[in-house]
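Atoms considered below: every heavy atom in the structure, side chains included; atoms not considered: hydrogens, waters and symmetry mates.
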Amino acid sequence: MNKLLVLTIGLLLGSNVAFAQLFAVVDTRGSVDIRKEADGKSGVIRQLSSGDIVYIAKDSYDKNAEWQNVSLSDEKIGPAGYIQTSKLKELSSFEKVSLNKQSYSNLIFEGNGIRTEMNIEEVNFEENRTNFVPQYKGANDTYSIIAYKDKEAFGIEGLHKLRNYSSIVVNKHGHAVELPVTSYENMFSPNQGLRSHCTFDRENNVVYIFTTNGDAAGTYTVAWIIKNDEYFGRFITRKPL
């Protein structure tokens with residue numbers, strides 16, 4: 001019993017720490033500077049728009065520090081750097097939109113006037129072979145999948161029972177926003193809701209959907225951003241939450 005209790009507490013603490021890894025960039029001016037060093041006089045190496053997402057390694061985050069060393073989405077080219085802590089807010093700290101339904105093929109979040117539906121389908125490899133780009137390995141001609149429809153493929157560990165998202169729709173107070181297919185079609189091995197979340201930044205009118213998918217070496221985290229009732233972009237990292 002004591003071992004079970006310790007394990008349960010450990011899992012709960014682990015999940016709380018994990019949520020603190022994704023942060024939204026928030027500033028009334030509309031953009032935030034990323035600096036080369038943790039100093040307001042250091043050179044600006046790039047800017048992010050308010051609503052964008054960054055990743056902070058759990059072992060480097062210090063809520064009492066003035067600056068945070070941030071990482072960018074795997075799809076953003078160029079160096080990362082430092083952002084003032086006051087310009088960052090944890091995705092999990094916004095209003096929670098509860099997961100009300102979860103199944104093998106469907107996730108539905110509802111609450112605060114928001115309904116987010118994520119549909120999942122199986123992908124037959126043989127029927128869609130021309131959409132996949134393999135990487136061949138070794139003398140036995142074995143291979144792994146590295147791309148799907150000309151985009152990097154995430155979460156593929158094998159060709160048995162491939163699954164990806166078939167649609168993602170956010171409905172806020174009667175206004176529906178259907179995410180573009182290109183924002184999710186290369187995201188494979190969706191989880192069944194245990195690591196999927198939806199939150200709402202009411203002050204800035206931003207909905208965030210974020211989830212860790214895949215398994216083992218194929219694990220990745222993706223977050224979609226819906227800002228001012230329009231699809232704004234996505235964040236991807238191969239680091240788990």
Side-chain angles (χ1 to χ4, degrees), residues 13-94 146-147 150-155 179-180 182-184 186-187 195 197-214 217-228 230-241:
L13 289 175
S15 63
N16 288 335
V17 172
F19 288 170
Q21 293 176 341
L22 287 185
F23 290 76
V25 173
V26 179
D27 192 277
T28 55
R29 298 176 303 171
S31 63
V32 171
D33 295 332
I34 298 183
R35 297 188 180 273
K36 186 175 181 180
E37 304 292 341
D39 188 325
K41 296 180 181 180
S42 179
V44 176
I45 56 178
R46 70 188 305 154
Q47 286 188 326
L48 292 179
S49 298
S50 185
D52 266 331
I53 295 173
V54 296
Y55 175 93
I56 301 177
K58 62 182 181 181
D59 57 354
S60 67
Y61 176 63
D62 180 359
K63 66 179 181 180
N64 297 314
E66 183 180 357
W67 296 84
Q68 302 294 335
N69 187 3
V70 304
S71 297
L72 305 178
S73 172
D74 288 358
E75 295 182 308
K76 289 186 182 291
I77 300 174
Y82 292 84
I83 294 179
Q84 286 182 298
T85 303
S86 61
K87 308 295 185 184
L88 299 169
K89 194 163 184 179
E90 300 172 30
L91 294 195
S92 62
S93 70
F94 297 123
I146 60 173
D150 298 322
K151 295 186 292 293
E152 182 179 1
F154 291 84
L179 274 60
T182 53
S183 72
Y184 55 75
N186 60 327
M187 304 286 106
R195 297 181 292 176
H197 312 274
C198 183
T199 58
F200 179 41
D201 175 4
R202 186 177 297 275
E203 182 178 353
N204 296 291
N205 194 23
V206 184
V207 175
Y208 295 99
I209 308 164
F210 51 108
T211 179
T212 293
N213 295 330
T219 299
Y220 67 97
T221 295
V222 57
W224 294 276
I225 308 165
I226 298 86
K227 181 178 178 181
N228 295 325
E230 294 182 353
Y231 174 67
F232 182 72
R234 70 180 184 183
F235 171 96
I236 301 174
T237 178
R238 292 195 178 277
K239 303 177 181 69
L241 292 181

Practice task
Applying side chain to side chain contact (heavy atoms under 4.5 Å, CB included), name anything that partners Glu75, two or more places apart in sequence or on another chain.
Solution key: Ser73, Arg234, Ile236

Handout entry: Under 3.5 Å: donor-acceptor pair, side chain of Thr85, backbone of Glu66
Key = yes

Problem - Glu152: partners by salt bridge (charged side-chain N to carboxylate O under 4.0 Å, His left out), with sequence neighbours left out - result: Arg238

Exercise for the section: Mark yes or no for whether Thr199, through its side chain, and Leu91, through its backbone, hold a donor-acceptor pair below 3.5 Å. Expected result: yes

Handout entry: Carboxylate-amine/guanidinium proximity below 4.0 Å for Lys41 and Asp39
Key = no

Practice task
Drop me the distance from Asn213's CG to Met187's CE, to the nearest 0.5 angstrom.
Solution key: 8.5 Å

Exercise for the section: Mind checking side chain to side chain contact (heavy atoms under 4.5 Å, CB included) for Thr182 and listing every partner two or more places apart, or none if nothing turns up? Expected result: Lys151, Pro180, Glu185

Exercise for the section: Give a yes or no on whether the backbone of Lys239 and the side-chain of Thr221 come within a donor-acceptor separation of less than 3.5 Å. Expected result: yes

Problem - Any donor-acceptor N/O pair, Trp224 side chain to Leu179 backbone, under 3.5 Å - result: no

Practice task
Check for a donor-acceptor pair, side chain of Lys87 on one end and backbone N or O of Asp33 on the other, with a separation under 3.5 Å.
Solution key: no

Completion exercise
Interatomic distance, NZ@Lys227 vs CG@Asn204, rounded to 0.5 Å, equals 7.5 Å

Practice task
Compare every heavy atom of Val70 with every heavy atom of Ala80, then report the nearest pair and how far apart it is.
Solution key: CB-O, 3.0 Å

Completion exercise
Rounded to the nearest 0.5 angstrom, the CH2-OG distance for Trp67 and Ser86 is 8.5 Å

Practice task
Would you give the length of the straight line joining atom CD1 of Ile226 to atom SG of Cys198, rounded to the nearest 0.5 angstrom?
Solution key: 7.0 Å

Problem - Gly40 backbone acceptor or donor facing Tyr82 side chain under 3.5 Å - result: no

